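What follows is a set of notes on a single structure, which appears directly below.
As the structure is a computational prediction, the values presented were derived from the model and not from experiment.
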Amino acid sequence: MLEILLIAVSLALDAFAVSVSSGISVPGFGWKQALKMGLYFGVFQAAMPLIGWFLGSSLSTYIVAVDHWIAFALLALIGGRMVWGTLRGGEEEEAPTDLSAGRLVMLAVATSIDALAVGVSMAFMDVQIGVAATVIGLVAFALSVVGGLAGRKLGGLFQQKAELVGGLVLIGIGIKILVEHLTGG
């Protein structure tokens, strides 16, 4: 459960960063907007691992011998991309100036693509996907709400550090999966 929670937090950090930016840039941003953003981000973050898990499960009989390498590669790739983007001073997510449904769907998809890849890797782990997807969605919802409200108060001070930590956590979990499978423990 701790691994699922760490994955959930790592996946939600993009949504958190966008929410902080929105809290800063959307005029009159408050509880209503924070809850609306959290709902969109939470639903997409929960749905993407389910989709990825179904895709990965349908292929699992063909690649069971290398599943730990696939899980490691996907998590290391996602985490590495997050770390690389932070270290090279990657582009900031563009904060919306309004929170229309179309804009929120676009942002929710963009911030949850990584969850799709994590869902594929979860198909090769001993994970209850319903529980994992629910935790991922709830964490994304909570961090998005908190991020939006914090954005109104704190500004964008923590965006890069949060993404760096999230990337390192995903890489660490990928390494742990690989080591456990290679050492039989």
Side-chain angles (χ1 to χ4, degrees), residues 1-52 75 78-119 122 130-173:
M1 191 55 148
L2 178 61
E3 287 178 1
I4 292 172
L5 188 59
L6 290 172
I7 288 171
V9 170
S10 296
L11 291 173
L13 291 176
D14 283 346
F16 174 79
V18 171
S19 297
V20 170
S21 298
S22 298
I24 294 167
S25 65
V26 173
F29 192 94
W31 276 100
K32 182 179 177 185
Q33 294 80 6
L35 292 171
K36 183 178 176 182
M37 182 169 272
L39 182 63
Y40 274 85
F41 286 173
V43 167
F44 276 83
Q45 288 280 0
M48 290 296 202
L50 289 172
I51 294 167
L75 291 171
I78 295 163
R81 195 185 92 218
M82 291 170 72
V83 170
W84 176 252
T86 301
L87 294 177
R88 73 177 175 91
E91 301 108 31
E92 299 285 325
E93 290 281 350
E94 182 181 329
T97 55
D98 68 85
L99 295 178
S100 66
R103 190 76 183 250
L104 284 172
V105 166
M106 180 189 71
L107 290 170
V109 168
T111 59
S112 64
I113 292 297
D114 292 349
L116 179 73
V118 168
M122 285 181 171
V131 172
T134 300
V135 169
I136 289 168
L138 289 173
V139 167
F141 171 81
L143 286 181
S144 297
V145 170
V146 168
L149 295 173
R152 291 298 286 168
K153 303 285 182 197
L154 302 174
L157 300 175
F158 303 110
Q159 289 175 314
Q160 284 189 335
K161 289 179 184 173
E163 190 155 342
L164 176 64
V165 170
L168 292 173
V169 167
L170 288 179
I171 292 169
I173 291 170

Quiz item: Do Phe16 and Thr111 pass the side-chain contact (heavy atoms from CB on, under 4.5 Å) test, and can you show the C-alpha distance, the side-chain angles, and the key distance before you say yes or no?
Solution: CA-CA 9 Å; Phe16 174 79; Thr111 59; over 6 Å; no

For the [atom1] atom of [X] and the [atom2] atom of [Y], what is their distance to the nearest 0.5 Å?
X	Y	atom1	atom2	value
Leu138	Leu5	CG	CG	11.0 Å
Lys36	Leu39	NZ	CG	10.0 Å
Met48	Asp114	CE	CG	10.0 Å
Ile4	Thr134	CD1	OG1	10.0 Å
Ile136	Phe44	CD1	CZ	15.5 Å

Exercise. May I ask you to decide if Ala115's main-chain N or O and Ser112's side chain share a donor-acceptor pair within less than 3.5 Å?
Key: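 No; zero donor-acceptor contacts below 3.5 Å.
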
Practice problem: Ignoring hydrogens and angles, tell me if any N or O in the side chain of Ser19 forms a donor-acceptor pair with the backbone of Ser144 under 3.5 Å. | Solution: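 The answer is yes, because a donor-acceptor pair under 3.5 Å joins these two groups.
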
Quiz prompt | Derivation of the side-chain contact (heavy atoms from CB on, under 4.5 Å) call for Leu143 and Gln45 | solution = CA-CA 12 Å; Leu143 286 181; Gln45 288 280 0; over 6 Å; no

Exercise. Applying side-chain contact (heavy atoms from CB on, under 4.5 Å), run through Phe141 and Val43 and close with a yes or a no.
Key: CA-CA 8 Å; Phe141 171 81; Val43 167; over 6 Å; no

Quiz item: Could you walk me through whether Met1 and Val135 pass the side-chain contact (heavy atoms from CB on, under 4.5 Å) check?
Solution: CA-CA 9 Å; Met1 191 55 148; Val135 169; 3.9 Å; yes

State, to 0.1 Å, how close [X] and [Y] come at their nearest heavy-atom pair, and which atoms those are.
X	Y	value
Phe29	Leu99	CE1-CD1, 3.8 Å
Val145	Gly38	CG2-CA, 4.1 Å
Ala140	Ala12	CA-CB, 3.7 Å
Leu104	Phe41	O-CE2, 4.2 Å

